[in-house]
Amino acid sequence: AQSVTQLGSHVSVSEGALVLLRCNYSSSVPPYLFWYVQYPNQGLQLLLKYTSAATLVKGINDFEAEFKKSETSFHLTKPSAHMSDAAEYFCAASPDLLQKLVFGTGTRLLVSP
Amino acid sequence: EAGVTQFPSHSVIEKGQTVTLRCDPISGHDNLYWYRRVMGKEIKFLLHFVKESKQDESGMPNNRFLAERTGGTYSTLKVQPAELEDSGVYFCASSLSGGQYSSTDTQYFGPGTRLTVL
């Protein structure tokens, strides 16, 4: 069965610092991969998705993620954190775009001034 | 264009009572999904509708949960009778096509319903 692992339930960075949120997937076939963000009192918003078109995926708000098959990873990065990036981030996988998403446990990003 | 909406935003009930959650997908979206996040754990899939038909209900925890999508528009998720372990946030999501899909299909999520069973 497919699984998604997010290392670190909480990640703290300073404003302006690099953001790195880790995600590894377990699958015999590279799945579709997603990063969602949940801001306080809001629903999940798609940041970016990997659909095999390109290994480096750019998303909204300067986030990007790189699919590495050899490492079964899809880590999320942003060069410079803003206070407004403080939220919970979820990595998810699916065998195709119409099937259920399998989520990681989420990583809460804390940004300090 | 309106996003996915869910009602109520919060519900507090006692063990043994019944609760019905509602989800209105984005207009024209054939696919509708229900997910649940129990405190501190991952978001887990419950079921998937394509129009009014249940495509995959493998995530439904037991027969106390009943989901419907009459007419292929909004969906309801009823929990009867509710147990303590049903507490959590219930998310609904929708996506566009029910047939051949494109790489642009994405699941759009609602804000969730926070259910507390006392």
Side-chain angles (χ1 to χ4, degrees), chain A residues 1-10 21-26 30-55 57-60 65 67 87-108, chain B residues 2-7 9-10 23-26 29-51 53-60 88-114:
Chain A
Q2 202 164 65
S3 66
V4 174
T5 302
Q6 290 183 244
L7 288 178
S9 59
H10 291 79
L21 304 182
R22 299 178 186 274
C23 173
N24 288 85
Y25 66 92
S26 169
Y32 292 97
L33 295 162
F34 307 80
W35 275 99
Y36 282 87
V37 60
Q38 186 180 24
Y39 298 104
N41 302 315
Q42 295 186 28
L44 278 73
Q45 178 182 358
L46 181 70
L47 275 178
L48 49 81
K49 64 184 178 185
Y50 166 75
T51 58
S52 76
T55 56
V57 183
K58 294 188 182 298
I60 61 172
F67 171 73
E88 191 160 19
Y89 293 78
F90 297 91
C91 183
S94 175
D96 75 50
L97 289 171
L98 290 182
Q99 292 194 33
K100 62 188 177 186
L101 295 172
V102 175
F103 283 89
T105 49
T107 298
R108 189 167 295 279
Chain B
V4 177
T5 57
Q6 293 187 246
F7 183 82
S9 57
H10 293 82
C23 168
D24 286 76
I26 294 171
H29 280 197
D30 287 337
N31 294 283
L32 188 148
Y33 308 80
W34 284 99
Y35 294 86
R36 176 176 74 171
R37 189 184 193 195
V38 172
M39 179 79 74
K41 302 212 170 175
E42 71 271 30
I43 300 168
K44 283 194 170 179
F45 167 82
L46 296 178
L47 88 159
H48 170 203
F49 284 98
V50 177
K51 297 184 181 179
S53 300
K54 292 176 185 174
Q55 181 79 9
D56 179 357
E57 51 185 328
S58 61
M60 293 289 264
V89 180
Y90 289 76
F91 292 102
C92 176
S94 70
S95 68
L96 185 58
S97 68
Q100 189 168 3
Y101 57 86
S102 74
S103 63
T104 58
D105 281 1
T106 295
Q107 291 186 32
Y108 295 90
F109 282 75
T113 293
R114 182 174 296 278

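Just so we're on the same page: letters track the sequence lines, and every chain starts at 1.
Proximity to chain B (any heavy atom under 4.5 Å) is restricted, for A:Gln38, to the side chain, taken from C-beta onward. Proximity to chain A is limited to the side chain of B:Arg37, based on heavy atoms less than 4.5 angstrom apart. Only the side chain of A:Leu46 comes within less than 4.5 Å of a heavy atom of chain B; its backbone N, CA, C and O stay farther away.
With rounding to the nearest 0.5 Å, the separation of OH in A:Tyr36 from CZ in B:Phe91 is 11.5 Å. Between A:Thr5 atom OG1 and B:Glu42 atom CD the span is 10.0 Å, to the nearest 0.5 Å.
Taking 4.5 Å as the limit, some side-chain heavy atom of B:Ser58 sits within range of a side-chain heavy atom of A:Lys100.
Residues passing the side chain to side chain donor-acceptor pair (under 3.5 Å) test with B:Lys54, sequence neighbours excluded: none.
When all heavy atoms are compared, the tightest approach of B:Phe45 to A:Leu101 is CB-O, 4.2 Å.
The environment of CZ in B:Phe7 is sparse: at most 12 heavy-atom neighbours from other residues, nucleotides or ligands sit within 6.0 Å.
Counting only distance, with no hydrogens or angles, the side chain of B:Tyr35 and the backbone of A:Phe103 share no donor-acceptor pair below 3.5 Å.
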